[in-house]
Asks: 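After the structure tokens below, expect a handful of questions from me.
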Amino acid sequence: MSGPAGGTPIAVPRLMVIVAAALLTRALTLGNPIVYSDEEFYFAAARAIGNGAVPFVDIWDRKPVGLFALYLLPAALAWPWGIWLYQALALTSAAATAWLIARLADRAGWSRGGTTAGVAYLAWLTVAGGQGGQSPVFYNLFVAMAAWFATRSDARARDAIAAMLLVGVAIQIKYTAGVEGVWIGLWLMHRCQCERGAWSAVARGALLVGIALIPTLAVALYYVAIGEWTAFFYANVLSILGRRPDAFGALAGNLAICAVILGPLLAMAVLRGPIEEGDVFTRRFLKGWLTAALIAFALVAPWFDHYTLPVMVPAAALAAGFLARQDQRRIGYGLIALVVVIGQVSLVVDRVRRGTPTQFATLAHAMGSGPGCLYVYSSSTMLYPATGRCSLSRYVFPSHLTRVREQGAIGVDQATELRRVMAAGPSVVVVGPPYKGERASIRALALALIARDYRLTARVTLGRKSVAVYARRAPGHTAAVARFD
């Protein structure tokens with residue numbers, strides 16, 4: 001790609017800076033199988049899907065199938081090469097998004113701040129759980145590409161179609177991307193109204209909505225065709241509405257953390273300098289996009305830190321205006337440097353808190369690779385692909401069966417499903433310590449069932465937690481407990 005004036009001098013160093021920043025900010029997590037519980041589950045679910053499991057039917061979650069599709073190829077590889085591949089794909093996605101942020105800044109008239117804005121995005125990812133393969137790390141790229149097509153000065157019908165198809169793909173990675181997609185569609189309708197009249201804009205808007213819905217409609221029709229529409233609709237709609245709200249204190253705390261994370265970036269996005277050149281339409285688009293991203297964030301509790309990741313794309317693009325000004329650039333550089341340091345420190349803290357790859361390998365070794373199935377009551381779902389053991393429940397993500405918020409929102413009674421799983425006789429059961437938001441009655445039931453039919457074979461230190469490994473008891477057999485500290 002060329003620079004703003006059409007030459008190449010700015011493009012090559014920009015690409016080098018962005019790729020280097022992506023590598024440096026994410027290096028501490030590469031090859032680590034336990035970066036974040038969400039992506040551990042995405043990987044485990046993709047492995048099951050690759051082996052024939054049908055999403056929402058044989059393995060359950062609320063995420064769209066497109067997210068699991070991203071993990072299919074990595075999950076198909078032999079352990080641990082798939083870990084490296086999914087993280088390489090996430091790194092590439094993050095770097096490509098940063099590149100598009102810089103290019104959108106060029107288009108808006110802030111070329112001098114574009115590269116730094118892209119680096120800012122990469123830095124901010126690491127303080128909000130985006131250091132690995134969280135879903136926004138992937139769908140941010142598709143929304144950014146849609147924004148690129150939508151803001152082309154000579155945009156034609158094919159650009160609008162491309163933009164809304166990209167929005168449709170993003171929706172099939174995370175449904176909340178649809179809020180940003182609404183803004184992109186309205187923008188394209190507005191440009192159409194300015195150029196061709198109101199009736200043309202309305203007709204075009206209907207067409208754009210239809211295009212954006214193509215991927216989701218295709219998935220829905222597939223479930224109708226296989227006779228599983230009810231399972232699809234419950235997981236993707238009804239279960240979302242059925243979740244119990246967290247306590248007010250927890251929600252307020254989460255919002256405060258998100259405000260601290262986004263505050264400096266939003267401040268730079270708002271405090272932009274005067275503009276001498278650039279496309280005024282692009283600048284208006286970016287403002288509306290940021291508003292849409294903030295609305296999407298606000299709509300979905302409980303506002304975990306990684307919910308801020310989609311907001312970072314338009315915010316970083318707008319922050320390029322702040323970073324382009326000579327008198328403000330040093331402040332911006334200082335903020336970004338501070339965030340880089342905080343991000344790297346947080347990654348080290350996460351590694352200490354969640355565990356190291358060596359500790360995880362020790363835990364997997366303590367469980368063995370078979371025969372027999374595994375039940376992870378509470379710990380990492382990455383243990384399923386790491387050991388090659390099967391699951392006896394479609395509820396592989398542990399908190400679906402144990403968290404208060406999920407009570408009455410997963411399609412089965414939690415206690416009933418727990419009893420069914422334990423009655424099926426998994427060969428190994430893994431239990432971590434109690435966690436905030438866990439149903440105490442469910443833990444008590446699980447421990448009672450384990451005490452009846454299982455023996456403790458190992459305790460393994462994983463980060464700051466001690467994880468217990470239980471094996472199904474053979475009649476009259478006892479064994480010493482191994483400790484791995």
Side-chain angles (χ1 to χ4, degrees), residues 31 33-90 132-133 135 138 172-173 215 218-220 222-223 225-232 234-236 360-361 363-365 367-401 410-412 417-418 420-430 469 472:
I34 48 173
V35 172
Y36 207 103
S37 59
D38 288 352
E39 58 204 76
E40 295 164 31
F41 170 69
Y42 304 153
F43 188 96
R47 173 68 68 91
I49 293 167
N51 290 331
V54 178
F56 317 125
V57 179
D58 302 313
I59 188 161
W60 196 88
D61 197 54
R62 300 180 177 92
K63 304 296 189 302
V65 296
L67 176 58
F68 301 111
L70 290 172
Y71 278 80
L72 280 177
L73 179 58
L77 297 184
W79 183 271
W81 298 110
I83 304 299
W84 287 92
L85 180 55
Y86 99 75
Q87 291 173 357
L89 292 174
S135 59
F138 293 108
Q172 269 304 299
I173 299 174
V219 173
Y222 168 77
Y223 279 90
I226 65 172
E228 296 291 353
W229 164 255
T230 301
F232 171 82
Y234 181 84
N236 289 271
F360 179 81
L363 176 58
H365 177 73
M367 295 164 50
S369 57
C373 292
L374 164 68
Y375 175 49
V376 178
Y377 172 86
S378 60
S379 189
S380 172
T381 52
M382 197 66 88
L383 289 168
Y384 289 102
T387 62
R389 289 183 179 270
C390 55
S391 170
L392 293 172
S393 174
R394 63 177 182 159
Y395 300 97
V396 172
F397 196 66
S399 66
H400 284 154
L401 292 182
I410 61 172
V412 297
E417 178 66 7
L418 174 61
R420 190 198 66 77
V421 171
M422 296 302 293
S427 295
V428 180
V429 178
V430 177
V469 179
R472 191 165 179 82

Asks: Which pair of heavy atoms, one from Leu392 and one from Gly425, lies closest together, and at what distance?
Replies: CD1-C, 4.0 Å
Asks: Can you list everything that forms a side-chain contact (heavy atoms from CB on, under 4.5 Å) with Pro55? Sequence neighbours excluded, please.
Replies: Ile49, Val65, Tyr223
Asks: Hey, can you tell me if Phe68 and Tyr42 have their rings parallel, tilted or perpendicular (30° and 60° cut-offs)?
Replies: perpendicular
Asks: If every non-hydrogen atom of Gly132 is compared with every non-hydrogen atom of Ala90, which pair is closest and at what distance?
Replies: O-CB, 3.2 Å
Asks: Passes side-chain contact (heavy atoms from CB on, under 4.5 Å), Val412 versus Tyr395? Steps please.
Replies: CA-CA 10 Å; Val412 297; Tyr395 300 97; 3.6 Å; yes
Asks: Would you check if Arg62 and His400 make a side-chain contact, meaning some heavy-atom pair closer than 4.5 Å?
Replies: yes
Asks: Side chains of Cys390 and Asn51, heavy atoms from C-beta outward: is any pair under 4.5 Å?
Replies: no
Asks: Among side-chain atoms of Glu39 and Tyr86, is any donor-acceptor pair under 3.5 angstrom?
Replies: yes
Asks: Between the side chain of Arg47 and the main-chain N/O of Met382, is any donor-acceptor distance below 3.5 Å?
Replies: no
Asks: Provide the closest heavy-atom pair for Pro64 versus Ile173 in the form atom of the first, atom of the second, distance.
Replies: CD-O, 3.6 Å
Asks: Identify the two heavy atoms, one from Ser378 and one from Pro398, that lie closest to each other, and give their separation to 0.1 Å.
Replies: CA-CB, 4.1 Å
Asks: Please answer whether the main-chain N or O of Gly133 pairs with a side-chain N or O of Tyr71 as donor and acceptor at a distance below 3.5 Å.
Replies: yes
Asks: Could you report the tightest heavy-atom contact between Gly82 and Leu77, atom names first, then the distance?
Replies: N-CB, 3.9 Å
Asks: Do Ile410 and Leu401 have side-chain heavy atoms sitting under 4.5 Å apart?
Replies: yes
Asks: State, yes or no, whether a side-chain contact exists between Arg389 and Pro426 at a heavy-atom distance under 4.5 Å.
Replies: no
Asks: Can you list every ring-ring contact (aromatic ring centres under 6.0 Å, His included) pair that touches residues 369-391, not counting sequence neighbours?
Replies: none
Asks: Evaluate side-chain contact (heavy atoms from CB on, under 4.5 Å) for Trp79 paired with Thr387, printing each intermediate quantity in order.
Replies: CA-CA 9 Å; Trp79 183 271; Thr387 62; over 6 Å; no
Asks: Which value, rounded to the nearest 0.5 Å, describes the distance between Leu363 atom CG and Ser380 atom OG?
Replies: 8.5 Å
Asks: Looking only at heavy atoms, which two atoms of Glu40 and Val35 are closest? And how far apart?
Replies: OE2-N, 3.8 Å
Asks: Answer yes or no: is there a side-chain heavy-atom contact under 4.5 Å between Phe360 and Leu383?
Replies: yes
Asks: Would a 4.5 Å heavy-atom cut-off, applied to side chains only, mark Leu70 and Leu89 as touching?
Replies: no
